[in-house]
Each structure stands twice: as C-alpha cells, then as structure tokens.
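In this text, all values refer to a predicted model and were calculated from it rather than measured experimentally. Below, read A as the first sequence line, B as the second, and so on, with proteins coming before strands; counting in each chain starts at 1.
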Amino acid sequence: MSDNKGEVVVRMAPSPTGYLHVGSARTAIFNYLFARHHGGKFIIRMEDTDTERSSEEMTTAILDALRWLNIDWDGEIFHQSQRFDIYRQYAEKLYEMGKAYYCYCSPDELDAKRKQAQAERRPYRYDRKCLHLTREEKQKLDDAGVPKALRIKTPLEGIGSFNDIVYGELTRDFTELDDWIIMRSNRKCTYNFSCVVDDHLMGITHIIRGNDHITNTFKQITVYNAFGWEPPKFAHIPLILGKDRHKISKRHGAVSVTDYKKKGILPEALFNFLALLGWSPGDEREIMGREELIKAFSLKRVSATNPIFDSVKLEWMNSEYIRRMDDNELLDKVRWVLIDAGLTTRLSVESHWHYMLKIVALMKERVRTLNDFPRLARFFFTDNFDYDEKGDKKHFKTPEVADRLNALRDKLSGLNKTFEINEIEKAVRGLAEKLNIKPALLIHPTRLALTGLTFGPGLFELMELLGKEKCLSRLDRAIDYIKNKFRT
RNA sequence: GUCCCCAUCGUCUAGUGGCCUAGGACAUCGCCCUUUCACGGCGAAAGCACGGGUUCGACUCCCGUUGGGGACGCCA
C-alpha cells in the first residue's frame, strides 16, 4: 500500500455527513492541483466511521460534486467504515507497547472534570486516574462490566512542534495535550487515531487540510511518534469565511457545490475561483484554466490568512467563462435551464439547435449565470410577457407612440423578400427620419413591444432572430395596449 | 475560560528592507463607445490596524496593544 517511494501522495478525507461544501471543495482542489503538479497520486478516503451521521447518499453526493468539478482521483475509494479491524489492531498494539492504557471513567465524570477545569481557568487535561489503577482494581471493574476506552499516553511536559508548509514552525506545550481517547468503549477507534493509521498505511506524503485541524495535527503527531513512524509533511490551508467572518457553514446560505450548480455557476468558474481563494500564482493572472492552474500551483504560495467568500466576484468570473465558452458547449448546458423554466422542451431544442445557437450567441455577453438565460431571453420563447412597468411609463407615454408603432408595422410588413438585420435597420431609421424624430424614440418603444424589456441585445439583430411574424403580432399587441391605455 | 494562528483598498490579492508616490482584480463612481443593457476603452475614489523598537532606511524584521479567526468530544 505504501510503495510510492519518492512520489507525492495526497488525499482528501471527507466525512459523508452532508453535501460537499465549498470549503471541502477548495481543500480537494488544492490537493488535486498539488498532486497533478507533481505527477503524484490523489486519493479519496471516506471518513464514515460515525455511522450515526454518515450516509450512502452523502457519499454519492460528494463524489458527484467532485465529478461535476471535473476533479478525478486515483485508485479505489477507501471507506473507513470497512477498516475498523485494522485500526483496532493498531490500537491494541499500542496498548501492548505500553503506550496506551484503558480508562474506565464515565462520560459524565469526564464532563464534570472538564467543566471544573474551565471554572478554575486552567487547560483541561485528563488526570490519568485510570493509569494508576492497580491490577486488582482493573480486574474488579472488568468483572463488573464497566465500559473502558483506550487512551494514548502523551508526554507530560516538553514542547511539540512541526514545520508547516504554510505556517512555518508551529509549536505547542505538551501540557496542553491530554491522554486523548484512541479507541472508544465500543472498540471503534476515533478520528485522530484512524486518520494516522490510514495516512501511514496509504503512504500519504503531504497532508493538505484546513487550518482548523492544527490542534489535531499535534495530537496525531504523538501517534506517529508512539509507533516510530515518520510523519508526512503538513500544509494547513486558511479557512474560507462567510460574509460575517465566521467559518463558512449552512447558515451562510449557498455553501454546497450543488447550490452553486443550481445557481447557474459553471464548474470551471467555481474551480478557478476556489483555487484563487488563499492561493495566487504570484503574477496578475486570474482567469486560469485547469492546466494552467496545475502548472502554476505551489503550496509555498498559499496564504496564511482566512479569505472571505465573495460570491459577487464568483459571478463575475462565471460571466467570463460563459462569454469564452463555445456556443455549442454553452447551449448544451443552457438548454436544461430553459427546459426547467418551462420555456422549451427537449425535443424543440434538438430540432431548433441552429436557431437556439443564435440566441445563446446573442445573450452570452450580457449574462452572469446560466440562470440569467430564462429571465433575459424569455421573449424568444413565449408571447406571454408583461411590459416592464418603468418602461411602460417611459416609452408608452402618449397615444402618438401607437401611431408610430403602427407606421413601423406597416413598413415592416412591406419587407417582403428579406427580413434581415440591414433591411430592418434601414426601415426603422428611415421611418424615424420621415417622422422627423430621433431613432431612439422609435427604437425604445419597439424593444418594449417586442421583448417587454427596456434592455437587451441590439434591436435589429433581435428582430431578425424573432422573425417577421412575431414582430408584427407583438407590435399589434402593443398598439392595442397603448390605445386602450389612452381611451377615454 | 485555556491554547494556537492571522492582520495590505469594502472583498480577493501582489509585495520578502531601499524598485512603493503600495501594483492587479471584483464591486463602486465618472467619461467614451452606443438604440438600451452588457462588453470594451479611459479615469477616479479606496488600503499597509495602532504603539514602541531594530536599521542610514521599514508594508516588509522584533515586541506589545487592538481586532479577527480557529481548536478545545468515547464527532469527523
């Protein structure tokens, strides 16, 4: 298992107790980028030992999110829930080595001690009561069937330290560490212990994880030391904070990768954005593709400060990706959003692919997320829209507007052979000249009549795409509407 | 409460003692382009938390203060 001499092996170890949130996704990205940069391996290990909270669905959901982000991993996925025996074996080995001891204290008892320590303003440390039990006392407790957990012996004094790739030398007084439990009374090992056993067995060379694990690292190092194993290198990466500057969590609204997918964010954009949270290439590049990121990535350039997740910038980056994306590829994604919005059907998209492509090309410049398409391009799919309220007041102001639109209608219906952009523009501008008004006075009401909106793509290209029939009928509708409005 | 960590524009960041009159990006605000919106172009406003040192010289090094974050489970 650990035959990867000289090679980089990293891992991502999510616990399947919820959807993949952006913090874990970012950890995955850093690990992935690091592995690919060095031509090493990226392993996934499901930390599903908490059988109460873990679920199969979440495992699937996390993997799906990773696939969506186009993050691939090496080898089979490990499940800690299938490795309880291994951990137990190692825990018992430690006991036999005299580096661990059984503790019979009840959770209530421990809880009380912990509270007392806090009240007395001193750090809590297990008092080693059970370490000093005599053989007879232990026997008695065992006979009585009192549950026992296994604790690791941590040095009573001295300084523990390790060299973190991001934070540099990190130290902690051993008196701050206690003889923590490595195996529960139900004989299942705890996270900090199983984690070390796995990382060692799997030949992990670099552990890249959130800086909320720094305390765990000190604990885990005592396990490496107890076994005489060489610890891997550690890189604790800054934590992503929400707008309120707290560790990002559910109460920040959209936090899972799936949430952003639903919001119409492109995976490439999210990947790029997350890679730049706490890391930068050192030059002024921002829009960077996967290969470019792999090439540039280095743990040494990871920042030590916790960044705040700025969804506005994410959306900007997303708009950049949408704009640069190939039309066919984009339409392939946009169609589902359009179908979901009830604006079209699968069949219709397929039979009108070429036409749809034109719509996408026209809209992609003014859209930030995929979800903007149904909102801003609605008029291409249905006649069923209202006039924008402000636009109505501004552009359908007088009965005269109806007359102008009527004149335009007549002129357009005269365009028999072709209904294409140049002809349309000529017609509109020509009419404006004839009526001796500024073209804008004709253009704005027309746009409102045809789209219900006061903004959007260029009017003439829009009209060409809409086609003559629709333009005429919508002008008619607007003319009626305006006349109705001013009827006394 | 205890321990650890962090500190450059509102936000993401560049910056490793003189290149800084602190650079870029998002957001904001002008102007230009223009039928609108968006794009694009040009420009503005906006920051080294504070106080001590060290040094000929500190955004950069040290100490303190303040502020922020994280960890303190028979959860992971």
Side-chain angles (χ1 to χ4, degrees), chain A residues 13-17 47-50 52-54 80 103 105-107 110-111 114-115 117-125 147-151 164 166-167 170-173 175-178 180-192 194-195 210-216 218 236 238-239 241 243 245-247 273 276-287 301 303-317 319 323 363-368 376 391 395 425 428-429 432 438-444 446-448 451 453-460:
Chain A
S15 58
T17 54
E47 312 235 310
D48 52 357
T49 52
D50 185 344
E52 291 284 301
R53 297 196 302 144
S54 300
Q80 288 198 320
C103 171
C105 297
S106 72
L110 297 170
D111 202 43
R114 205 171 279 122
K115 277 183 180 142
Q118 193 172 118
E120 289 170 17
R121 303 174 149 227
R122 58 179 168 81
Y124 169 73
R125 199 179 201 279
K148 57 181 178 182
L150 191 62
R151 287 182 186 272
D164 189 87
V166 174
Y167 288 91
L170 255 22
T171 61
R172 174 154 304 196
D173 202 307
T175 56
E176 298 292 333
L177 261 35
D178 77 332
W180 50 283
I181 290 169
I182 61 174
M183 186 164 70
R184 303 183 186 93
S185 51
N186 66 7
R187 317 250 313 141
K188 283 182 177 174
C189 288
T190 56
Y191 161 76
N192 275 310
S194 322
C195 184
N211 70 21
D212 52 341
H213 280 278
I214 288 176
T215 319
N216 289 329
F218 285 104
H236 290 91
L239 248 34
L241 270 27
K243 276 236 176 316
R245 296 181 182 278
H246 286 281
K247 190 158 111 171
F273 179 76
L276 254 29
L277 231 42
W279 173 81
S280 87
D283 48 42
E284 278 160 4
R285 284 178 290 173
E286 293 213 282
I287 306 289
R301 292 202 54 84
S303 139
T305 49
N306 299 337
I308 294 171
F309 191 96
D310 180 6
S311 47
V312 175
K313 186 154 185 177
L314 202 214
E315 284 194 9
W316 162 76
M317 195 168 270
S319 74
R323 210 168 298 134
M363 298 307 297
K364 70 194 266 198
E365 284 260 327
R366 43 208 111 216
V367 121
R368 295 207 122 204
L376 303 179
H395 302 303
E425 177 158 11
V428 174
R429 292 197 188 277
K438 284 195 287 186
L441 281 179
L442 206 46
I443 288 169
H444 293 310
T446 306
R447 171 189 301 287
L448 188 62
T451 70
L453 301 171
T454 57
F455 55 87
L459 181 67
F460 310 124

Without decimals, in angstroms, what is the distance between [X] [atom1] and [N] [atom2]?
X: A:Asn211; N: B:C6; atom1: CG; atom2: C1'; answer: 9 Å
X: A:Asn192; N: B:A76; atom1: CG; atom2: P; answer: 9 Å
X: A:Leu150; N: B:C74; atom1: CG; atom2: C1'; answer: 11 Å
X: A:Lys247; N: B:A76; atom1: NZ; atom2: C1'; answer: 10 Å
X: A:His246; N: B:G67; atom1: NE2; atom2: P; answer: 14 Å
X: A:Leu170; N: B:C5; atom1: CG; atom2: P; answer: 6 Å
X: A:Asn306; N: B:U11; atom1: CG; atom2: P; answer: 13 Å
X: A:Lys188; N: B:G73; atom1: NZ; atom2: C1'; answer: 17 Å

For [N], the Watson-Crick or wobble partner whose two distances fall under 3.5 Å:
N: B:U2; answer: B:A71
N: B:A45; answer: none
N: B:U35; answer: none
N: B:C59; answer: none
N: B:A7; answer: B:U66

Classify the nucleic acid contact of [X] as base, sugar-phosphate or nothing, counting any heavy atom under 4.0 Å across all strands shown.
X: A:Ser280; answer: sugar-phosphate
X: A:Arg151; answer: nothing
X: A:Asn216; answer: base
X: A:Leu441; answer: nothing
X: A:Arg53; answer: base

- Item | Inter-residue atom distance A:Asn306.CG - A:His246.NE2, 0.5 Å rounding |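 Rounded to the nearest 0.5 Å, the CG-NE2 separation comes out at 12.0 Å.
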- Counting heavy atoms not belonging to A:Glu120, are there more than 12 under 6.0 Å from its CD?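 Enclosed: over 12 neighbouring heavy atoms sit under 6.0 Å from CD of A:Glu120.
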Min side-chain heavy-atom separation [X]-[Y] under 4.5 Å:
X: A:Leu177; Y: A:Arg172; result: yes
X: A:Trp279; Y: A:Pro238; result: no
X: A:Asn216; Y: A:Trp180; result: no
X: A:Arg53; Y: A:Asp48; result: no
X: A:Tyr191; Y: A:Cys189; result: no

When rounded to the nearest Å, what value does the distance between [atom1] atoms of [N] and [M] take?
N: B:G17; M: B:G53; atom1: P; answer: 23 Å
N: B:A22; M: B:G40; atom1: C1'; answer: 28 Å
N: B:A71; M: B:U28; atom1: P; answer: 34 Å
N: B:U60; M: B:A7; atom1: C1'; answer: 13 Å
N: B:G51; M: B:A58; atom1: C1'; answer: 15 Å
N: B:A46; M: B:G18; atom1: P; answer: 26 Å
N: B:A76; M: B:G23; atom1: P; answer: 49 Å
N: B:G10; M: B:A45; atom1: P; answer: 15 Å

Proximity to the side chain of [X] - top-ranked nucleotide from [options]:
X: A:Asp50; options: B:C4, B:A76, B:G10; value: B:A76
X: A:Arg121; options: B:A76, B:G69, B:G1; value: B:G1
X: A:His213; options: B:A76, B:U13, B:U11; value: B:A76
X: A:Glu176; options: B:A71, B:C5, B:C3; value: B:C3
X: A:Thr49; options: B:C6, B:G68, B:A76; value: B:A76

Sidechain-backbone polar pair: [X] side chain, [Y] backbone, donor-acceptor under 3.5 Å:
X: A:Arg301; Y: A:Ser280; value: yes
X: A:Arg447; Y: A:Pro457; value: yes
X: A:Thr49; Y: A:Gln80; value: no

- Assess whether one donor atom and one acceptor atom, taken from the side chain of A:Thr215 and the base of B:C4, lie less than 3.5 Å apart.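 No such pair is found, so the answer is no.
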- Item | Residue closer to the 5' end of RNA chain B, A:Ile181 versus A:Pro307 (nearest nucleotide) | A:Pro307
- Residue met sooner reading RNA chain B from 5', once A:Lys148 and A:Leu239 are mapped to nucleotides: A:Leu239
- Note on the structure: Protein-proximity profile, nucleotides 25-43 of chain B, B/S/- by nucleotide at the 4.0 Å heavy-atom cutoff, equals BSS-------BBBBS----
